[in-house]
Amino acid sequence: MSPDTGPLSTSVPTSEFPARKPSKLVVSFEFSPPRTDTMAETLWNSIERLAPLQPAFMSVTYGAGGSTRQRTHETVVRIKRETGIEPAAHLTCVAATCGEIDDVARAYWDAGIRHIVALRGDPPRESGGKYVAHPGGYANAAALVAGLKRIGDFQISVAGYPECHPDSADDITDLDNLKRKVDAGADRCITQFFFDVEDFLRFRDRATAVGVQVPIVPGIMPVSNFAGITRMAGMCGAKVPGWLAALFEGLDDDLETRRMIAATVAGDLCRKLESEGVSAFHFYTLNRADLTYALCHLLGVRPQARPRAE
Ligand SMILES: Cc1cc2nc3c(=O)[nH]c(=O)nc-3n(C[C@H](O)[C@H](O)[C@H](O)COP(=O)(O)OP(=O)(O)OC[C@H]3O[C@@H](n4cnc5c(N)ncnc54)[C@H](O)[C@@H]3O)c2cc1C
């Protein structure tokens, strides 16, 4: 027994739990514009809690067919004004002409917003599920990226699909599409959520092989509402592995345990990705802070003083 670790010592052997060094990881957080006052309160509490982690950006989604156009704009501008964190506005091609979308983009540029997450968007429900470009609109995300670049030198993020987009005939078509978006000017690919680290690594390797040289940032969805995630996964073509279903079995009425499992599963995924060289993570927060905050803490991302405005 060493003299400084007597029987009552609570010190943890550092060989088993090496202290984490301050993290060099980059994180970003995704939110949705609120529909009600109560939702707004939840959102802004979450933004306030997560802002001190100094994410690279906070992005705000855009509802189907531009239904959140005004609320997305207001949320994005308020994030910039109140937190000083760089916001990113999602923008889709659905149900609008190029001119209408260009007007939205110009309004962002004029408001000092310089980062757009450029997306095609999903077909409106009444279309029966098949995407048809608006006559006079942008055909897809690659065309939108090119259009945005004509308006201003935006930083642009685009979507990528580790398990292939459901509209793509195969992986090659999907990767070619990603390459077109990057060639049009995208700076970063943020992936759809996934649960199998191998799906992400295979996607990253294949994207690199077809010449995609921008960062590929995994989208991390901490799952505590299993039924909700299964529904979302069904819509976007992500698979929900059997082992994940088994972990949530019997917990429908036990939110507290579900949340602990959510943090463990997502934490494990993040740590595996980090060990494979991933250094940036995009969190789908669902407008809640606590799981995302815990995951960042686990990754060594800690609150920092807000840089003083010049
Ligand atoms: C990080 C992230 C954020 C998102 N945010 C939002 C949001 O805020 N609002 C929202 O409504 N949705 C959002 N989505 C969902 C997204 O809009 C859908 O997944 C949509 O179905 C595809 O959008 P995309 O930008 O990937 O489309 P695209 O890259 O245009 O591609 C869609 C599919 O069509 C195929 N395709 C495109 N062009 C061609 C072509 N010329 N020839 C052949 N095939 C082609 C592609 O291969 C691909 O399979 C988000 C998704 C992600 C991953």
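Counting convention: from 1, in listed order, for ligands and their atoms alike.
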Asker: Of all the non-hydrogen atoms in the protein, which one sits nearest to atom 28 (P) of ligand 1, and at what distance?
Answerer: Asn177 ND2, 3.5 Å
Asker: Take atom CG in Asp110; do more than 12 heavy atoms of anything else shown fall under 6.0 Å from it?
Answerer: yes
Asker: Does atom CZ of Arg258 have more than 12 heavy-atom neighbours from other groups under 6.0 Å away?
Answerer: yes
Asker: Considering heavy atoms of the protein only, find what lies nearest to atom 30 (O) of ligand 1 and give residue, atom and distance to 0.1 Å.
Answerer: Ala141 N, 2.9 Å
Asker: Looking just at side-chain N and O atoms, do His134 and Thr97 make a donor-acceptor pair shorter than 3.5 Å?
Answerer: no
Asker: Just to confirm my output: which protein heavy-atom neighbour is closest to atom 48 (C) of ligand 1, and how far is it?
Answerer: Ser168 OG, 3.6 Å
Asker: If you scan the protein for heavy atoms around atom 44 (N) of ligand 1, do you find one that is closer than 4.0 Å?
Answerer: no
Asker: Of all the atoms in ligand 1, which lie at a distance below 4.0 Å from a heavy atom belonging to Thr61?
Answerer: 8 (O)
Asker: Give the atom numbers and elements of ligand 1 that come within less than 4.0 Å of a heavy atom of Asp174.
Answerer: 47 (O), 48 (C), 49 (O)
Asker: Out of curiosity, does Val60 fall in the hydrophobic cluster containing Val217 (side-chain heavy atoms, cut-off under 4.5 Å, transitive links)?
Answerer: no
Asker: So which protein heavy atom does atom 52 (C) of ligand 1 come closest to, and at what separation?
Answerer: Ala159 CB, 3.7 Å
Asker: Please test Tyr108 against His73 for ring pair (Phe, Tyr, Trp, His ring centres under 6.0 Å), starting from the C-alpha separation and ending with a verdict.
Answerer: CA-CA 8 Å; Tyr108 279 124; His73 186 100; 4.8 Å; yes
Asker: Tell me whether Tyr161 reaches ligand 1 (any heavy atom closer than 4.0 angstrom to a ligand atom).
Answerer: yes
Asker: CG/Leu50 to OH/Tyr293 distance, rounded to the nearest 0.5 angstrom?
Answerer: 8.5 Å
Asker: So, Thr173 versus Ser168: side-chain donor-acceptor pair below 3.5 Å or not?
Answerer: no
Asker: Which is closest to atom 27 (O) of ligand 1 in terms of heavy atoms, Arg120, Lys181, Arg188, Glu30?
Answerer: Arg120
Asker: Taking only heavy atoms of Gln192 into account, list the atoms of ligand 1 that are under 4.0 Å away from them.
Answerer: 53 (C)
Asker: Parallel, tilted or perpendicular: which one describes the rings of Trp109 and Phe154, with boundaries at 30° and 60°?
Answerer: perpendicular
Asker: Could you tell me the residue and atom name of the protein heavy atom closest to atom 5 (N) of ligand 1, and the distance to it rounded to 0.1 Å?
Answerer: His90 ND1, 3.0 Å
Asker: Tell me whether the NZ or CZ atom of Arg49 lies within the 45° cone about the ring axis of Trp44 and under 6.0 Å from its centre.
Answerer: no
Asker: Among all protein heavy atoms in this structure, tell me which lies nearest to atom 9 (N) of ligand 1, with the distance rounded to 0.1 Å.
Answerer: Tyr62 O, 2.7 Å
Asker: Taking distance alone, with no angle check, do Gly121 and ligand 1 share an N/O pair under 3.5 Å?
Answerer: yes
Asker: Indicate whether any N or O donor in one side chain lies under 3.5 Å from an N or O acceptor in the other, for Glu30 and His282.
Answerer: yes
Asker: Within the structure, is a non-hydrogen atom of Val117 found at a distance of less than 4.0 Å from ligand 1?
Answerer: no
Asker: Is NZ or CZ of Arg120 both nearer than 6.0 Å to the six-membered ring centre of Tyr131 and within 45° of the ring axis?
Answerer: yes
Asker: Under 4.0 Å, heavy atoms only, figure out whether ligand 1 is touched by the backbone of Thr92, its side chain, both or neither.
Answerer: side chain
Asker: Based purely on interatomic distance, does His165 place a nitrogen or oxygen under 3.5 Å from a nitrogen or oxygen of ligand 1?
Answerer: yes
Asker: So is Phe193 in contact with ligand 1, going by heavy-atom distances below 4.0 Å?
Answerer: no
Asker: How far is atom 1 (C) of ligand 1 from its nearest protein heavy atom, and which residue and atom is that?
Answerer: Tyr284 OH, 3.2 Å
Asker: Give the residue and atom name of whichever protein heavy atom lies nearest to atom 15 (C) of ligand 1, and the separation in Å to one decimal.
Answerer: Asp122 OD2, 4.2 Å
Asker: Measure up the Phe281 and Phe283 rings against each other and bin them: parallel (under 30°), tilted (30 to 60°), perpendicular (over 60°).
Answerer: parallel
Asker: Before signing off on this row, confirm whether His282 and ligand 1 have an N or O atom pair separated by under 3.5 Å.
Answerer: no
Asker: Is the shortest distance from a heavy atom of Arg180 to ligand 1 less than 4.0 Å?
Answerer: yes
Asker: Does even one non-hydrogen atom of Ala64 get within less than 4.0 Å of ligand 1?
Answerer: no
Asker: Below 3.5 Å, can you tabulate the donor-acceptor pairs from side chains in residues 177-185 to any protein atom, sequence neighbours excluded?
Answerer:
unit_1: Lys179; atom_1: NZ; unit_2: Asp183; atom_2: OD1; d: 3.2
unit_1: Lys179; atom_1: NZ; unit_2: Asp183; atom_2: OD2; d: 3.0
unit_1: Lys181; atom_1: NZ; unit_2: Ala159; atom_2: O; d: 2.9

